[in-house]
Amino acid sequence: MAAKSAGSALDWGWNHSPATSAALVAGGAYTVATAGTVTGLPASHALLVAGAGAVAQVGADLYQHRPTGHTAARCAAWLTAGGWTAIVLENHTALTWGAAGWWAAGTAAGMTLARGLVRAEATARTERVQRKLQKWANKQAGEWHERLERLFRLEGHQVGGVRPWKGDVGYTVLVTMPSNTPELPADAVRKLAVDLRLPKGGGIQILDGDTYGQTLIRVTAVDVLAKVVDLPDGPEDTTVTSIYDGLPLGLKPDGEEARIAVVDECALVVGQTGSGKTNTVNTANAGALRTDNTVVMHIDVTGAGISLPWLHSWAVDGTANVPLIDWTADTIEEAHILCDTVIAGIAARKTGHQDLLTEDDKLTVTHDLPEVLVAVDEIAELTPGLLRKLDTIVNTGRAVRVRVLICGLRATQDVITAAMKKQSRVRVGMRVSDPEELSHLFPTGGGRINPKAAPYKGCGFYSSPDEDDVVSDPTAFKGYRIKPKQIRALSVAYADRRPQLEPVFLDTEPALYYASRWGRILPRIYKAKQLAPTTIPYTDMDVLYPPVNEFTGIPITSSTEDDENGNAGPRVVASTATAPAAPDGPQARVGADLLTTMLNAARPTPGPSNLDDATVIRADFGRVIQQAGTPEDRPSPVPQLLAEAHQHVVAAGGRMWSSDLAAAHGLDPRAFGTELNRLLRDVGVERPGVGTVRIGDESKSGYLAETLAEAIQCYRNTQ
C-alpha cells in the first residue's frame, strides 16, 4: 500500500480574527517606526498613512451600515497608531523602553477594542434580523388568522406562530384549533393552496401538533424538486465526516437535507431506467467516502460502472495514491470471492472483537475498525448463488458493522430477495411511472404516495430510521447532482483518509485472495489501457486465482467449502498465473468424466415395454417424463439436454451465448432455446439478468454454468 503523505499543508488563506488583525496592524506600525528611524523616514509620512486609513475606514463602515460610534472608534485607532509612529520617527526613540511600553499598551487596547466592536456589531446584526423576522412572522400570523376565518368560518382559533424554513422555501404555521372544530375539513389543502396561489411544485401539508387541538400547516412556497441541486461537497469543503452522520441524498421539499442511516441498517434503492438511480448511488458513495471510518466495496457485474469514476484518479491519472473503492467485483466469479471474504470477515469479527462488545452488542465504528459498506448495482444480473450469499451478509453483518446497499430496477420478488427487502429498513424509490412500484417498496405509507409528487428526473421518495429508531413515512426528495469531474476531484481529496480493513477481518482463508484483487480486476476493466504508477503497489505481486468447482463454475475460496447439499465439489488447483487454468486441462477431464456418467445414466434404456419388472423410460427431447422400476434401477432424472448443455458451458469457461451453445448441439437456436428454457422453468430456475450474459465487452442471450448446475440439482432433488 502506498504510504500516505504525512506532511502538513501550509494554509495561505487570510483567516484572521479581529484581534489578530489589530495586532498585525500594530506590528506593522512598530516595523515602520523602527525601519524609518534608521532610514530617516519623515514623521509626516506616518500621519499621511494614518489619515488615509481613517478615511478608508469611514468609507467601509458607511458601506456596511455600521453605527456612527463604531466608525469613530475605528478612525481614532488609526489616528492613534499614526500619531505614535510619527512621534517615534521624530524623536528616534523606537528602540527605547518607553516607546515600546506605549506601543504594547496601545496594541492591547486595539485588540480589545476590535474584539468588542465586532461582537457588538454581530449582536446588533442578529437583533436586526430577529426584529425583521418577528415583524414578518407577526404579519403572517395576522394574515393566517384572517385566512382561516374567511375560508373555514373558524372562531376562537389562535395562530401560535410562523416559523420559516431553511433556504426561504416555505414556512410552518402553528394553529390552536377551537374545541368545537378540532381539525380542518378534508378539502382544506386545496383551498389553502388556491388562496395562496402556490406554484405547481409547492403545496400544503397539514399535520397534528404536539398536543391535541394543535395543527401544523406546512407551506411549500418554492418548487425545490424542480431545481438542479449540485452536490455541495466540493474540493474546498471536504471536512471529515462519520458514517454515524448518515449519507446525504439530496433536499426535501422544505429545503432540509435528506439523509439515510446505514450504520445499523441495509439500504434498498430502486428506480426505473433514466430515473437517476445511478446518480443517487454515486451520491451515497460520495457521502460514505467523505468519512474516515467506512470501507466501500462494489459489486457491479455489468462492467463496474459505479466504480470506474471513483477509480479513475488512482488507476489512470495517478493523482490519488490509493483506490477510493476498496474492492470492485466486475464479474460473477469475482463477486463470489468478495462475498466469501466478507462472510468470513463477519464471522472473524464476531469472535475476534469480543473484548470490544462489553458496553454494547454492536461494534463501535472507528478509523481502525471501519464499517464495511457493500454497494450492489444491477442486482437482477446476479446469479441465485450470489443472492444467497448476499442474504447471508444482510442477515448476519449488522452487529459487526457490515451493511449492504442494494440497487435494482424494481422492488419485486423477481429482483429483490425476501431477506434483502425485510432487512432493509432504509428504502429509496426513484421516479416511477406506476404507483404499485412504490407500494411494493415501502412497508408503510406506500399506498398513499402519489408519483406525481416527485415528477422530475432525479426525484424520488425515501424513508429511514430517525434518531429514535422510528421509520418515518416516505418523503419526497430531489437528489444531489454529482458529475464525473466532481467525482475525480473528490477522489483526490478523500484518498488520504481511506481506512483499511483490520487484520482480524483479513485473517481468514477467503481473504487469501484479497491482496491480489486488483491484479485480477484492473486488466479486465481497463484492458490494454496504460495504468498509472500508483497501481503498482497493488499489482506487483503474484496474482492468485481460487480453484473452481467444475460442476457449478463457482470459485472455491475455502478448503472446507461444500456445495449446498454438503458434498465437496470437484476442484482445480489454485493458480498464481494471470489467468485461471484452461478448461481443457487435466482437471477439466475429471469434470467431463463425471458428466459423461451422468449423461449415460440419463439416456433411455431400450427394452420391452410390457414387462412389469423392467425399468421403462419415456423421454421427450432429452427430458424424462415417465419412468418405472425400482429406485435403485432408475437412471438420473436430469434431462439429457440440460446435462449436455451444462457440459458445453463448463468447457467454455462457465458462460456461453445461446447461439454458440445451440451450434455445439447441432440444433436450431430457436428450438434449442425454447426447450432448454422450458427445462429450467419446470424446476423454477430463473436466468439472471433476463438471460443476458456478458462475454468481453458484448452482452447477448446466454447461459451460466451456475444456473444450469442449479437446475440439475433441482432435478436430482425431485427423484
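Computed from a predicted structure; not experimentally measured.
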Novice: Please lay out, stage by stage, how R259 and D245 fare under the test side-chain contact (heavy atoms from CB on, under 4.5 Å).
Specialist: CA-CA 8 Å; R259 285 180 173 264; D245 300 330; 4.2 Å; yes
Novice: Answer whether the closest heavy-atom distance between the side chains of L184 and L154 falls below 4.5 Å.
Specialist: yes
Novice: Kindly indicate whether the side chain of I393, heavy atoms from C-beta on, has any atom under 4.5 Å from the side chain of K389.
Specialist: no
Novice: Do T364 and L369 touch side chain to side chain, with heavy atoms closer than 4.5 Å?
Specialist: no
Novice: Drop me the distance from L289's CG to I325's CD1, to the nearest 0.5 angstrom.
Specialist: 5.0 Å
Novice: Kindly give the heavy-atom pair with the smallest separation between V426 and A261, and that separation in Å.
Specialist: CG2-O, 3.1 Å
Novice: For residues M420 and L387, determine if any side-chain heavy atom of one lies less than 4.5 Å from a side-chain heavy atom of the other.
Specialist: yes
Novice: Nearest 0.5 Å please: distance from the CZ atom of R497 over to the CG atom of L324.
Specialist: 10.0 Å
Novice: Search all heavy atoms of P309 against all heavy atoms of R488 and return the closest pair with its distance.
Specialist: O-CG, 4.3 Å
Novice: Under the 3.5 angstrom rule, does the side chain of H145 hit a backbone N or O of H157 as a donor-acceptor pair?
Specialist: yes
Novice: Does R218 reach the main-chain N or O of I204 with its side chain, forming a donor-acceptor pair under 3.5 Å?
Specialist: no
Novice: With sequence neighbours left out, what residues match E146 under side chain to side chain donor-acceptor pair (under 3.5 Å)?
Specialist: R150
Novice: Which atom names give the shortest non-hydrogen contact between G255 and V169, and what distance separates them?
Specialist: N-CG2, 3.8 Å
Novice: When you measure from the side chain of Q486 to the backbone N and O of L231, does any donor-acceptor pair fall under 3.5 Å?
Specialist: yes
Novice: Minimum heavy-atom separation for A419 and V394, please, with both atom names.
Specialist: O-CG1, 4.1 Å
Novice: Between F461 and F477, is any pair of side-chain heavy atoms under 4.5 Å apart?
Specialist: no
Novice: Check whether any side-chain heavy atom of L247 lies under 4.5 Å from a side-chain heavy atom of V262, and answer yes or no.
Specialist: yes
Novice: Could you tell me whether E686 atom CD has more than 12 heavy atoms of other residues or ligands within 6.0 Å of it?
Specialist: no
Novice: Is it true that a side-chain atom of T181 and a backbone atom of P178 form a donor plus acceptor pair closer than 3.5 Å?
Specialist: no
Novice: Between W144 and Y171, what is the ring plane arrangement, given parallel below 30°, perpendicular above 60°, and tilted in between?
Specialist: perpendicular
Novice: If you look only at pairs with a residue in residues 364-381, which of them pass as a salt bridge (Lys or Arg N to Asp or Glu O under 4.0 Å), with sequence neighbours excluded?
Specialist: K277-D377, K277-E378
Novice: Please determine, by modelled atom types, if S463 and R425 share a side-chain donor-acceptor pair under 3.5 angstrom.
Specialist: no
Novice: Where is the tightest heavy-atom contact between P253 and A476, given as atom of each residue plus distance?
Specialist: CD-O, 3.1 Å
Novice: Quick one: does K362's side chain have a donor or acceptor within less than 3.5 Å of a partner on R398's backbone?
Specialist: no
Novice: Any side-chain donor-acceptor pair under 3.5 Å between Y494 and D292?
Specialist: no
Novice: Heavy-atom count around N395 CG within 6.0 Å, excluding the residue itself: above 12?
Specialist: yes
Novice: For the residue pair N293 / S242, report whether a side-chain donor-acceptor contact shorter than 3.5 Å exists.
Specialist: yes
Novice: Set out, in order, the CA-CA distance, both residues' side-chain angles and the distance that settles side-chain contact (heavy atoms from CB on, under 4.5 Å) for L216 and V173, then state yes or no.
Specialist: CA-CA 6 Å; L216 298 177; V173 182; over 6 Å; no
Novice: Assess whether side-chain hydrogen bond (donor to acceptor under 3.5 Å, both in side chains) is satisfied between H353 and E502, documenting all intermediate values.
Specialist: CA-CA 11 Å; H353 293 312; E502 78 279 12; 3.1 Å; yes
Novice: Should V402 and L373 be marked as a side-chain contact (heavy atoms from CB on, under 4.5 Å) after you check the CA-CA gap, both sets of side-chain angles, and the distance that decides it?
Specialist: CA-CA 6 Å; V402 179; L373 181 64; over 6 Å; no
Novice: Quick one, R388 and L382 - any side-chain contact, counting heavy atoms below 4.5 Å?
Specialist: no
Novice: Got a donor-acceptor contact below 3.5 angstrom from the K350 side chain to the T396 backbone?
Specialist: yes
Novice: Nearest 0.5 Å, please: how far is OG1 in T328 from CG in L338?
Specialist: 9.0 Å
Novice: What I'd like to find out is whether the side chain of I406 reaches to under 4.5 Å of the side chain of S424, using heavy atoms alone.
Specialist: yes
Novice: Using 0.5 Å steps for rounding, measure from the CD atom of E183 to the CE atom of M177.
Specialist: 8.0 Å
Novice: Does Y480 form a side-chain hydrogen bond (donor to acceptor under 3.5 Å, both in side chains) with N279? I'd like the steps, not just the answer.
Specialist: CA-CA 8 Å; Y480 287 134; N279 183 83; over 6 Å; no
Novice: Assess the side chains of W165 and T172: does a donor N or O sit below 3.5 Å from an acceptor N or O?
Specialist: yes
Novice: Listing request: all side-chain hydrogen bond (donor to acceptor under 3.5 Å, both in side chains) pairs with a residue in residues 294-306, at least two apart in sequence or in separate chains.
Specialist: N285-H298, T291-T294, H298-S307, D300-T302
Novice: Hey, mind stepping through Q423 and D391 against side-chain contact (heavy atoms from CB on, under 4.5 Å) and telling me if it holds?
Specialist: CA-CA 9 Å; Q423 298 296 340; D391 283 350; over 6 Å; no
Novice: For N180, is the CG atom crowded, meaning more than 12 foreign heavy atoms sit under 6.0 Å from it?
Specialist: yes
Novice: Say whether, by atom type as modelled, one donor and one acceptor occur between the side chain of R498 and the main chain of V296 under 3.5 angstrom.
Specialist: no
Novice: Testing the basics here: between P499 and V295, what is the closest heavy-atom pair and its distance to 0.1 Å?
Specialist: O-CG2, 3.9 Å
Novice: Let me confirm one number: the CG-CD distance from D326 to Q500, rounded to the nearest 0.5 Å.
Specialist: 8.5 Å
Novice: Can a side-chain donor-acceptor contact be found between Q134 and N138 if the only test is distance below 3.5 angstrom?
Specialist: yes
